[in-house]
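Scroll down for the structure; my scribbles are underneath it.
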Amino acid sequence: MSSLRPPHGRADGSREHMGRKETDEPMNDDKNASAPAAGATAPAVDLDTLRHSAAHLMAHAVLDLFPGTQAGIGPAVETGFYYDFLRPEPFSSDDLAAIEARMRELADRDIPIVRSEIPKAEAVRLFTERGQTLKVELIQEKGGDIVSTYSQEGFLDFCLGPHVASTGLLKHFKLLSVSGAYWKGDERNVQMQRIYGAVFPTAAELESHLHLLEEARKRDHRRLGPELDLYSTNEDLGGGLILWHPKGARIRAIIEQYWRERHWAGGYDVLYTPHIGREVIFQTSGHLDFYKDSMYAPMDIDGQNYYMKPMNCPFHIQIYKSRMRSYRDLPLRWAELGTVYRYERSGTLHGLLRVRGFTQDDAHIFCTPDQIESEILRVLDFSLSILADFGFTDNKIELSVRDPHNPAKYCGADDRWRQAEASLVKALETRGLPYERMEGEAVFYGPKIDIKVKDALGRHWQCTTIQFDFNMSNRFGMTYIGEDGKEHQPYMVHRALMGSLERFFGILIEHYNGAFPLWLAPVQMMIVPIAERHGAYAEQLAERCRAAGLRPHVDQRREKLAYKIRDAETHKVPLLLVVGDKEAAGGTASLRIHGQGDKGAVEVDGLLARLRSLVDTRSLTVSL
RNA sequence: GCCAGCGUAGCUCAGUCGGUAGAGCGGCGGUUUUGUAAACCGCGGGUCAGGGGUUCGACUCCCUUCGCUGGCUCCA
């Protein structure tokens, strides 16, 4: 149903997009079987070929070391490859090391990789002989009369190719992890073991990729969040439920304040609606028909079933319906920081990025058909402007439209779809924004624009979604009175900018590596008196900071200066103001900026004015 | 939910073959009054995630529940 919430996917750069690309179809298909032949021996190879060949090399090593193992599929992916294996015993990390060592041996021997084209029956016989019944299944499904195979010594694979000429060309790889994966991606099928590996053309690139992984691990919000005392989760509380600590809550409150101000200034009104509602509202909305699996069991209140809301739209619609609406009232732009609860399968929970209770920065725009273009443009501009304030300026935009081959999957009249899509395209083109067209990625009730932000490590995260909805206004019988005095059905757009506050917070923690820009930092300056006798001056200074609308904290502990500095630096406090005899006498403070070091003594009023302006402009860096 | 792995002090981790636990940091107490990334001494702190079982004896072996991790599936 009308989800406002962007998919809770993980970062493109790290996990989610390890999905399949063209080369991940090692299965044969006689239509293309002859095309890649030349590539098989070409000395200059593209990256996917290299990675796919590395997958074969690994399968070769695995089948050598663990006889009886069956191979599934082994495509190239974004940064390397994976290969799925069926084997009763789990692969241990020791096994991984052994497999990698074996791969190096096989690579060192520079074994030629040979393509052959053989009759299907022959292929079936060969793979049956080897006990590779999964491959036989693939051949029978995918193969034409003649199928292609690749072999390197005793290892034989059913594969379209192309591949590198010999194993010696495979040099810079590393096995990373093993995990479960369903045969053919269907959870009703047997579960196999998937081994992931990284492959790059040069040692330097592999090294830099491994370094990126390490960097991502270090700035993982699940590590930084609790470490910086921003949030926690708790076993007794339950999975997927977030406790916002004072510092995290401070950041959230700042974001919420900013969000409200921007919305009011941007022509929105802000709503509040309850967390639960009677069964009937979710029957009308269709959630109980289409969305029940994601909803929690009802609670009985005075003999009536009430549900926790999984979305805010039915509630906003009730407000719309609370009185007659004229075309003169439209557009109505209603926003809410709406807390919703959704059942997510236990295995999918992930820190702040995928939780069971979260707050969407939701909005619904109700408008007339002829307002839709300008409204889309407006919401697009608004979204990009807000994302930019958080430092996300390099975004990827996707336009998700219907699958032209499967119109039955969607509801709503054709002309509405055409108009909706046209207005989305128009908005993107008016702004000259490049976008990727995603056929068949539309939600069933309407097309949408998604914005994925690119973080400091180059990973993409989906935040914003702008979705048409042809369904809700119909189900709830929403109307407005037009110029003609007759009832009309309003157009409805759902949108979320940050997605959910939890998720956005997680992204921000990783993007900034926990070192929030001044306007968001929960503690903006740590004031450090050198000795106890400077405590009073430090407090005075803190008072002046607070009077300037800044957030200081005084470190009155009886510790050495160096200790307090180290502490503030590791907690990523943006500014340090050191005060001792000199400063107290001169009415100054010694300034130290996180990541920049000691800046020497500064005059206080000037500093505060400067900081105030950095906060007001939401500057992402501190420069004086 | 599924496959695999993990869960020992607030945090990071050690703990041999089954004989009921240890370090560093943090915390607390004291000494030190400190000038730009960790002063010194001392002290507490654990139902070894919870429950059940095997055993003379379980942190250790088995079962189970919860939570977490890597993926798969899902992300309407």
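Lettering follows sequence order; numbering is per chain, from 1. Below, all heavy atoms of this structure are taken into account, side chains as well, without hydrogens, waters or symmetry copies.
- Spacing between B:C62 and B:G5 at atom P, rounded to whole Å, works out to 11 Å.
- The distance from atom OH of A:Tyr182 to atom P of B:C2 is 8 Å, rounded to the nearest whole Å.
- Between A:Phe470 and A:Phe468, the angle of the ring planes lies from 30° to 60°, which puts this pair in the tilted group.
- We find that CG of A:Asp186 is positioned 19 Å from P of B:G1, with the value rounded to whole Å.
- For B:U34 and B:A21, the C1' atoms lie 39 Å apart once the distance is rounded to whole Å.
- Residues forming a ring-ring contact (aromatic ring centres under 6.0 Å, His included) with A:Tyr231 (at least two apart in sequence, or on another chain): none.
- With both ends at atom C1', the span from B:C68 to B:G44 equals 29 Å, rounded to whole Å.
- Not one side-chain nitrogen or oxygen of A:Thr348 sits closer than 4.0 Å to the OP1 or OP2 atom of B:C74.
- Rounded to the nearest Å, the gap between the P atom of B:G50 and that of B:U8 is 10 Å.
- Salt bridge present: A:Glu187 and A:Arg345 bring a charged side-chain N and a carboxylate O closer than 4.0 Å.
- Summarising the geometry, the separation between CG on A:Leu237 and P on B:C68 is reported as 10 Å, rounded to the nearest angstrom.
- Each of A:Asn234 and A:Ser177 lies near RNA chain B, and the nucleotide nearest A:Asn234 is the one positioned closer to the 5' end.
- Taking the six-membered ring where the residue is Trp, A:Phe392 and A:Phe504 present perpendicular rings, their angle passing 60° and hence far from 30°.
- A:Ser294 comes within 4.0 angstrom of a base, heavy atoms only.
- Comparing A:Gly351 and A:Arg345, the nucleotide of RNA chain B nearest to each residue sits closer to the 5' end for A:Gly351.
- Rounded to whole Å, the C1' atom of B:U16 lies 14 Å from the corresponding atom of B:C59.
- Between A:Glu235 atom CD and B:G51 atom C1' there is a gap of 13 Å when expressed in whole angstrom units.
- A donor-acceptor contact under 3.5 Å is formed by the side chain of A:Arg354 with the base of B:C74.
- No side-chain N or O of A:His316 forms a donor-acceptor pair with one of A:Thr273 less than 3.5 Å apart.
- Judged by distance alone, the side chains of A:Ser590 and A:Glu583 do bring a donor and an acceptor atom under 3.5 Å apart.
- Taking the side chain of A:Pro90 as heavy atoms from C-beta on, and the options B:G5, B:G70, B:C72, the nearest nucleotide is B:G5.
- In this structure a side-chain-to-backbone donor-acceptor pair under 3.5 Å is present from A:Gln132 to A:Ala71.
- Rounded to whole Å, the separation between the P atoms of B:G51 and B:G15 comes to 25 Å.
- Atom NZ of A:Lys218 is separated from atom C1' of B:U12 by 16 Å (rounded to the nearest Å).
- Going from atom CG of A:Asp84 over to atom C1' of B:C2 covers 14 Å, rounded to whole Å.
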Per-nucleotide pairing state of RNA chain B [Watson-Crick or G-U, under 3.5 Å; [ ] pseudoknot-crossing; | other strand]:
(((((((..((((.....[..)))).(((((.......))))).....(((((..]....))))))))))))....
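- By the 4.5 Å heavy-atom criterion applied to side chains, A:Phe476 and A:Ile281 are counted as neighbours.
- A:Trp183 and A:Asp84 share no side-chain donor-acceptor pair at under 3.5 Å.
- B:C74 and B:G7 have their P atoms separated by 31 Å, given to the nearest Å.
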When every nucleotide of nucleotides 33-40 of chain B is labelled 5' to 3' by its protein contacts under 4.0 Å (heavy atoms), B for base, S for sugar-phosphate only, - for none, what sequence of letters results?
BBBBBBB-
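- Summarising the geometry, the separation between NZ on A:Lys174 and C1' on B:G70 is reported as 15 Å, rounded to the nearest angstrom.
- Listed pair A:Arg194 / B:C3 fails the phosphate criterion, with no side-chain N or O lying under 4.0 Å from OP1 or OP2.
- The main-chain N or O of A:Glu510 is found under 3.5 Å from a side-chain atom of A:Arg219 such that the two form a donor-acceptor pair.
- At a threshold of 4.0 Å, the pair A:Glu559-A:Arg557 does not count as salt-bridged, since none of the basic side-chain nitrogens sits closer than that to a carboxylate oxygen.
- What separates CD of A:Glu187 from P of B:C75 is a distance of 10 Å, to the nearest Å.
- The C1' atoms of B:U32 and B:C41 are separated by 11 Å, rounded to the nearest whole Å.
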